[in-house]
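Hydrogens, waters and symmetry mates are skipped; everything else that's a heavy atom, side chains included, is used.
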Amino acid sequence: MSVQVSAGDEAAELVASLALGPTAQALFIPELLSLVLSFSNPACLATSARVCKGWCDPALNHLWRDLHSAFPLLELLFDINLIKDQHDSLFFKKLAHILVDADWDRFHSYGNRVRSLEFDETITYRGDPDTPDLDSNIVAVLCLHHPFGAVFLPYLQELSWTTRGSALSVLPFLSGELRELHLEMSTQTVSTASDLFKAIRHRTPRLVNFHLETEVQGVSVDTPLARWLRTTENLEEISLPPYYLTPALIQTLGSLPKLTIIRQSTKFTHAKNSSKAPQYLPTGTFPNLDSISFNATLSEARRFLLASQEVVSRLSSIGLHACGRLDTENILNFTQHIAQNCPMMTEIGLNLFTDLRSREQSLSPLSMALLESLYPCAGLEALSIGHPLPFTFQEDDVMQIGRAWPQMSFFDVGPDPDFSLPVAGHMGNSFSILSVFAKALPKLELLSIYFNKWEPLPFTGNLYLQTQFQQLTEVRFGLSPAPGGQSRQVGFYIASLCKERPAIGYGKTGWHIGALPNDWAQAETAWKEVDDAVGFAMEVKLAGLRSL
């Protein structure tokens with residue numbers, strides 16, 4: 001059938017596509033084309049956008065969907081080298097003159113495609129050591145000349161903004177479609193932070209996740225922050241610095257109908273530096289709260305749980321960062337309280353720090369009595385315990401843990417001790433305990449403990465052991481000393497216990513604040529060799545299984 005088409009007619013592309021054959025035609029189906037483009041790199045996407053009209057928009061949508069800097073957008077308007085100059089009145093006059101004639105239609109077209117933006121002023125752009133800061137005054141000039149309203153990216157859903165200048169520069173990047181906001185303010189004044197939270201009120205009605213990192217604290221910040229949060233009725237997860245869980249904030253958070261997770265952020269103020277327990281959670285508040293983590297001494301934490309009993313009893317996850325005297329009685333009192341009053345817990349995190357006074361006193365390693373006190377939480381799936389001294393497991397201990405918690409998938413107990421304390425040579429686990437964990441807890445996905453006994457390994461060359469981890473994806477060794485001269489044997493032994501290749505983790509975790517071992521540089525190299533050996537052995541193992 002003859003079809004008449006004119007130049008530039010979209011029907012012409014359709015007719016041309018029908019002549020390509022079924023394989024090529026598939027790339028004109030929008031869903032399939034989008035799937036293919038989702039695996040392409042930026043250069044490929046830029047090329048694909050020039051193929052034809054049918055590919056242009058889908059390719060550009062993927063190319064601009066996720067930005068790791070705000071500068072690609074600004075480069076649509078002017079050369080960013082311009083803002084390296086001194087920001088005097090002459091500079092702003094020149095910038096305003098450029099923006100009058102800027103291609104705002106192009107800026108608007110590409111800005112509408114952005115769904116995720118990460119901007120970090122501490123990171124260089126394209127390797128330029130003189131990458132300029134995005135000054136709030138420059139952003140203000142942009143706002144004055146932007147002809148499409150107060151929002152630069154109207155469909156933005158995820159925003160991560162790290163600034164060492166004024167946080168007010170983030171305002172025009174906030175959209176009504178925003179779902180996730182990560183805000184890091186390192187050098188703000190109280191007045192600037194207060195102005196920011198006043199200005200964003202009613203701007204983020206669909207926000208689901210909010211994460212704040214800042215050194216700023218004060219009553220003058222709490223009030224505008226609380227007023228803004230009252231407008232985020234869809235908020236499900238929030239992460240705040242320890243000193244922000246004040247009565248005003250607790251009252252506001254308790255009224256949010258969908259809030260399920262409260263976490264603490266500690267980048268600028270470590271948990272050990274803020275041990276004051278948060279305001280108690282009043283009865284009848286937090287209707288859907290499922291998880292909370294907070295800072296307190298062990299005695300304060302227990303009082304907080306008692307005062308918040310009605311809310312806490314409904315939780316399935318709790319995390320405590322405790323600093324102070326770590327005597328066994330206080331620790332057991334806290335864990336026993338959880339087991340007796342919160343038996344539905346599925347995730348427990350307990351990170352214990354010592355202060356200077358506690359270091360002068362004798363410190364004992366944790367014992368199995370701590371874990372046994374939590375056995376009433378029969379549905380426990382994740383357990384994380386950090387302590388300045390390692391935890392040593394016996395074979396019977398592991399088998400007992402397996403019987404108590406058959407659903408355990410995340411087990412992280414004492415992998416990184418504080419080497420400013422006397423860590424005795426007998427502390428830590430033998431490598432053969434891995435096979436016991438595989439037998440007792442076959443559903444483990446992550447295992448993290450401290451090893452310090454490198455006896456001759458029980459690896460006989462058999463990669464196909466009968467007892468294996470069924471779902472293990474990572475083994476973390478923390479600050480365990482290097483397996484001197486046995487890296488390959490260790491790697492092969494780990495592979496013999498796994499059905500899929502596990503990642504090998506090493507190094508201190510986020511909670512760790514103590515000293516590293518003196519030979520840690522050499523240990524890191526040895527653990528990298530273990531990781532390589534695991535990869536090689538798993539390739540051989542999986543190839544053998546395929547051949548069978």
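- Minimum heavy-atom separation, V221 to V190: CG2-CG1, 3.7 Å.
- Of all non-hydrogen atoms in T214 and Y243, the two that sit nearest each other are O-OH, 2.5 Å.
- Distance CG/L229 to OG/S255: 9.0 Å, rounded to 0.5 Å.
- Inter-residue side-chain proximity for F286 and I262 is flagged as met; some heavy-atom pair is nearer than 4.5 Å.
- Side-chain contact annotation: S316 with D290, donor-acceptor N/O pair under 3.5 Å present.
- Counting heavy atoms of neighbouring residues, nucleotides and ligands inside a 6.0 Å radius, atom CD of Q251 does not exceed 12 of them.
- Taking the six-membered ring where the residue is Trp, F119 and W161 present tilted rings, their angle falling between 30° and 60°.
- No side-chain donor-acceptor contact under 3.5 Å links H62 and S38.
- Taking 4.0 Å as the cut-off between side-chain N and carboxylate O, D531 and R501 count as a salt-bridged pair.
- Atom CD1 of I449 sits about 10.0 Å away from atom CG of D412, to the nearest 0.5 Å.
- Of the N and O atoms on the side chains of T163 and E121, at least one donor lies less than 3.5 Å from an acceptor on the other residue.
- With contacts defined as side-chain heavy-atom distances shorter than 4.5 Å, the pair R263/I238 does not qualify.
- Residues D135 and I83 have side chains not in contact (no heavy-atom distance under 4.5 Å, counting atoms from C-beta outward).
- The side-chain heavy atoms of F411 and M408, taken from C-beta on, include a pair separated by under 4.5 Å.
- Defined by atom type and a distance below 3.5 Å, a donor-acceptor pair is missing between the side-chain atoms of S169 and S136.
- To the nearest 0.5 Å, atom CG of residue N112 and atom CZ of residue F148 are 8.5 Å apart.
- Checked by atom type, the side-chain pair S239/H211 shows a donor-acceptor distance below 3.5 Å.
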Check your understanding: Step by step, would you call W228 with T204 a side chain to side chain donor-acceptor pair (under 3.5 Å)?
Key -> CA-CA 9 Å; W228 165 57; T204 57; 2.9 Å; yes

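- Annotation: side chain of L447 is not in contact with side chain of F477 (no heavy-atom distance under 4.5 Å).
- The pair D57-R113 meets the salt-bridge criterion, since a charged nitrogen lies less than 4.0 angstrom from a carboxylate oxygen.
- By the 6.0 Å contact criterion, CZ on F536 is open, its count of non-hydrogen atoms from other residues, nucleotides or ligands being 12 or less.
- A 4.5 Å side-chain heavy-atom check between I504 and I494 finds at least one atom pair inside the cut-off.
- Note that the OG1 atom of T525 and the OH atom of Y506 stand 8.0 Å from one another [nearest 0.5 Å].
- Residues L196 and V170 form a side-chain contact, since some pair of their non-hydrogen atoms from C-beta on lies under 4.5 Å apart.
- Aromatic pair H321/F294: centroids not less than 6.0 angstrom apart.
- The only member of H87, R164, K84 that meets side chain to side chain donor-acceptor pair (under 3.5 Å) when paired with D133 is R164.
- Checking R206 against N234 by side-chain atom types alone, no donor-acceptor pair falls below 3.5 Å.
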Practice item. May I have the step-by-step check of side chain to side chain donor-acceptor pair (under 3.5 Å) for E236 and N209, ending in yes or no? Key: CA-CA 6 Å; E236 297 177 7; N209 188 332; over 6 Å; no

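- For E529 and S487, the side-chain atoms include at least one donor-acceptor pair closer than 3.5 Å.
- Atom CD of Q470 has more than 12 heavy atoms from other residues, nucleotides or ligands within 6.0 Å.
- Residue E500 places its CD atom among 12 or fewer non-hydrogen atoms of other residues, nucleotides or ligands, all under 6.0 Å distant.
- Within 6.0 Å of atom OH in Y155, 12 or fewer heavy atoms from other residues, nucleotides or ligands are found, so the atom counts as exposed in its surroundings.
- Heavy-atom neighbours of R230 CZ from other residues, nucleotides or ligands within 6.0 Å: above the threshold of 12.
- Side-chain contact between L181 and L174: present, with at least one pair of heavy atoms (C-beta onward) separated by less than 4.5 Å.
- The pair K443-E445 does not count as a salt bridge, with every side-chain nitrogen at least 4.0 angstrom from each carboxylate oxygen.
- Note on E539 versus K541: no salt bridge recorded, every NZ/NE/NH1/NH2 to OD/OE distance being 4.0 Å or above.
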